[in-house]
Amino acid sequence: VQLQASGGGLVQAGGSLRLSCAASGPTFSRCAVAWFRQAPGKEREFVVGITRSGAETGTADSVKGRFAISRDNARKTVYLQMDSLRPEDTAVYYCAADHTILTVPLSRDPLDYDYWGQGTQVTVSS
């Protein structure tokens, strides 16, 4: 499975962005998928995940009520809708996938994910 993240950009605080994670490969529908983010000087952190069946899971407290994940298996794409963006949301956002993660909530450990996109920069100005 190969992943490509897109949709990042520069937005003012309070604005919205939608990130996309497009996958190639026939087994994407059998993957759990998560979005992570990494700000400069910080560790990569779990943002939100989605199960193979499309259930959102494990949303980080810092984005609850503002971010939502969804997937379209026919298009092999996972989306991250980000609303009410804050300057502290500034980071490189990565999508990750794995066939073997079956528990809910999904693992928050980046090491548990086998497939990664290249990252897309999100910058929120105050």
Side-chain angles (χ1 to χ4, degrees):
V1 176
Q2 292 184 319
L3 305 175
Q4 183 166 357
S6 62
L10 173 64
V11 63
Q12 287 189 331
S16 298
L17 283 174
R18 188 174 81 154
L19 306 184
S20 297
C21 176
S24 61
T27 61
F28 178 70
S29 63
R30 299 205 298 269
C31 286
V33 180
W35 285 95
F36 289 80
R37 67 185 182 185
Q38 188 165 19
K42 295 189 176 181
E43 293 187 351
R44 192 166 296 190
E45 65 170 348
F46 180 93
V47 177
V48 63
I50 191 164
T51 65
R52 296 184 296 177
S53 61
E56 180 173 313
T57 174
T59 309
D61 288 343
S62 57
V63 306
K64 247 175 212 176
R66 302 188 297 120
F67 289 14
I69 190 171
S70 60
R71 71 188 296 164
D72 184 338
N73 283 337
R75 296 181 183 272
K76 295 184 182 179
T77 303
V78 169
Y79 304 98
L80 181 65
Q81 178 66 42
M82 305 188 296
D83 298 321
S84 301
L85 282 161
R86 303 169 181 169
E88 54 264 39
D89 295 319
T90 295
V92 178
Y93 283 71
Y94 299 89
C95 57
D98 195 90
H99 291 108
T100 64
I101 297 175
L102 302 177
T103 57
V104 176
L106 301 186
S107 171
R108 295 172 175 260
D109 186 347
L111 296 177
D112 288 339
Y113 293 80
D114 281 343
Y115 309 109
W116 287 85
Q118 82 287 5
T120 184
Q121 176 71 47
V122 172
T123 303
V124 184
S125 63
S126 56

>> I need the C95 SG to Y79 OH distance, nearest 0.5 Å.
In response: 12.0 Å
> For R66, what residues pass the salt bridge (Lys or Arg N to Asp or Glu O under 4.0 Å) criterion, not counting sequence neighbours?
Replying inline: D89
>> If you apply the rule side chain to side chain contact (heavy atoms under 4.5 Å, CB included), what do you find for R37 with V63, and how did you get there?
In response: CA-CA 12 Å; R37 67 185 182 185; V63 306; 3.9 Å; yes
> Applying the 4.5 Å side-chain criterion to the ILVMFWY set and letting contacts propagate, would V33 and V47 be lumped into a single cluster?
Replying inline: yes
>> For a quick test of reading the model, state the closest non-hydrogen atom pair linking R71 to T51 and the distance between them.
In response: NH1-O, 2.9 Å
> Do you reckon Y93 sits in the same ILVMFWY cluster as I50, going by side-chain contacts under 4.5 Å, direct or chained?
Replying inline: yes
> Shared ILVMFWY cluster between Y115 and L80, side chains joined below 4.5 angstrom?
Replying inline: yes
> Between T100 and D98, do the side chains contain an N or O donor and an N or O acceptor separated by less than 3.5 Å?
Replying inline: yes
> Atom CG in L106, atom CD1 in I101: separation rounded to 0.5 Å?
Replying inline: 6.0 Å
> Excluding sequence neighbours, so at least two apart, what forms side chain to side chain contact (heavy atoms under 4.5 Å, CB included) with A96?
Replying inline: F36, Y113, W116
> Do W35 and V124 share a hydrophobic cluster (ILVMFWY, side-chain heavy atoms under 4.5 Å, transitive)?
Replying inline: yes
>> A side-chain contact here means heavy atoms from C-beta on lying under 4.5 Å apart; do K64 and V48 qualify?
In response: no
> In this structure, are over 12 heavy atoms from other groups packed under 6.0 Å from R75 atom CZ?
Replying inline: no
>> Would you compute the distance between atom CG of L102 and atom CZ of R52 and round it to the nearest 0.5 angstrom?
In response: 5.0 Å
> Between E56 (side chain) and I69 (backbone), is there a donor-acceptor pair under 3.5 Å?
Replying inline: yes
> Between G119 and Y94, what is the shortest heavy-atom contact and its length?
Replying inline: CA-CD2, 3.5 Å
Just distance, no hydrogens or angles: give the donor-acceptor pairs under 3.5 Å from side chains in residues 1-30, sequence neighbours left out.
residue	atom	partner	partner atom	Å
S16	OG	D83	OD1	2.8
T27	OG1	H99	NE2	2.7

